Amino acid sequence: MSDRWLSLPQDYDDFLNRLKERIRTAQVRAALAVNQELIHLYWQIGRSILEQQQSEGWGTRVVERLAKDLRKEFPEIKGFSRSNLGYMKAFAESYPDEAIYQRSVGKLPWRHNIALLDKLKTQEQRLWYAEKTIENGWSRDVLVWQIESNLFGRQGKAVTNFDRTLPKPQSDLAQQLTKDPYNFEFLSIQGDVQERELEQALVKHIRDFLIELGIGFSFVGSQYHLEVDGEDFYLDLLFYHLKLRCFIVIDLKMGEFQPEYSGKMNFYVSAVDDLMRHETDNPTIGLILCKSKRKTKAEYALRNLNTPIAVATHQLPGKLQENLPSIEQLEMEIEAIASDIEESLPEQSE
């Protein structure tokens, strides 16, 4: 009998969709399990090489021979190049405690771990970026961008009054979601630009802007219209944060922070609370982004306000020369490319 004449149960489509979702979830779990096993294998190989070097005095030539013999024995497995064995050794050396690496870096793809090894010097920072990668689902390119923009040093650094205007743990979470400065290097604008130009550029590159803002931000609109007492007002940028469960108003300034900016933001936040905030939403937060700020001036401006407001700076792209990679970065990329080519070549018979 043809399928087109088959009478399907009423709930068949729902059943099929649930089954598809279960299969997809199992596929993801299987892929994650395979990745974790691979990372564990690499850690074990690296630790074994370290032990042999320490106890038997193995040198570079022995490691090169080891790479050659492993590729010969397992030609179908990529990753046994000399340079990759070096990364395995560095990986094991960086995380000598198996329990520590399994909590975060052990869950990341190998190329993510190579980026952590190449670009960071301390275990603290590597583990911090690894945890953020898992939390935010960063690709390797996004991870590298966050490292190069020094997210570790910028996170939670905005001047705020959250400790007095938001209840815990809302205040702590909101503080950690701020940055100073916000990195707008992804924009194609330079030099002296007007606030409206900056706003338009951010909207045009909204995907990159959302990555810089962090997980949880949902874009509501730009030049968002509010009417108060018959007058029209326009918010530069309006977001809703899914974790904080609140609206976030962003006001863009191209000069140094001035105390009157906080009064204007106080008005915007109060208006959004009254006109847009749902009864289940948390209080609206204001974020003033300026080209520069003086900390004491910003703290005084926020001290007696009852609405939660943050003041931070933004960083626009520098000149071309400042954006060029360093010689060290170029050498690192060349070595990675050479390693990939070496792995793709067929094994020569002896």
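Everything numeric here is computed off the predicted structure, so don't read it as measured data.
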- prompt: Can you find a side-chain donor-acceptor pair between Tyr240 and Asp281 that sits under 3.5 Å?
  reply: yes
message: Do the side chains of Asp236 and Arg196 get close enough for a salt bridge, i.e. N-O under 4.0 angstrom?
response: no
message: Suppose we call two aromatic rings close when their centres sit under 6.0 Å apart. Are Phe91 and Tyr95 close by that rule?
response: yes
- prompt: So, Lys291 and Glu256, do they make that salt bridge, N to O below 4.0 Å?
  reply: no
- request: Before accepting this row, confirm whether a basic side-chain N of the pair Lys204/Glu199 lies closer than 4.0 Å to the acidic partner's carboxylate O.
  value: no
message: Strictly below 4.0 Å, N to O, side chains only: are Glu299 and Arg164 in salt-bridge contact?
response: no
- prompt: Is a side-chain donor-acceptor pair under 3.5 Å present for Trp110 with Asn84?
  reply: yes
message: Is it the case that over 12 heavy atoms from other parts of the model lie below 6.0 angstrom from the CG atom of Asn150?
response: yes
query: Just how far is it from atom CZ of Phe152 to atom OH of Tyr129, taken to the nearest 0.5 Å?
result: 7.5 Å
message: Do Gln102 and Lys107 pair up side chain to side chain, a donor and an acceptor below 3.5 Å, judged on atom types alone?
response: no
- prompt: Going through the checks in order, is the side chain to side chain contact (heavy atoms under 4.5 Å, CB included) test met by Tyr224 and Leu226?
  reply: CA-CA 7 Å; Tyr224 196 90; Leu226 295 177; 4.3 Å; yes
- request: Can you establish whether the number of heavy atoms outside Tyr234 located under 6.0 Å from its atom OH is more than 12?
  value: yes
- prompt: Would Glu185 and Gln315 count as having a side-chain donor-acceptor pair, cut-off 3.5 Å?
  reply: yes
task: Determine the minimum heavy-atom distance between Leu252 and Ile250, stating which atoms define it.
output: CD2-CG2, 4.0 Å
- prompt: With a cut-off of 6.0 Å (strictly less than), are more than 12 heavy atoms of other residues, nucleotides or ligands near CD of Glu227?
  reply: yes
query: With distance as the sole criterion, is a donor-acceptor pair present between the side chains of Gln36 and His40 under 3.5 Å?
result: no
- request: Tell me yes or no: between the side chains of Thr307 and Asn266, is some donor less than 3.5 Å from an acceptor?
  value: yes
message: Strictly below 4.0 Å, N to O, side chains only: are Arg71 and Asp69 in salt-bridge contact?
response: no
message: When you compare the side chains of Gln123 and Ser94, does any donor N or O come within less than 3.5 Å of an acceptor on the partner?
response: no
- request: Return the orientation label for the Phe209 and Phe184 ring planes: parallel under 30°, perpendicular over 60°, tilted otherwise.
  value: perpendicular
task: Please work out whether the ring planes of Phe80 and Tyr42 are parallel, tilted or perpendicular, with thresholds of 30° and 60°.
output: perpendicular
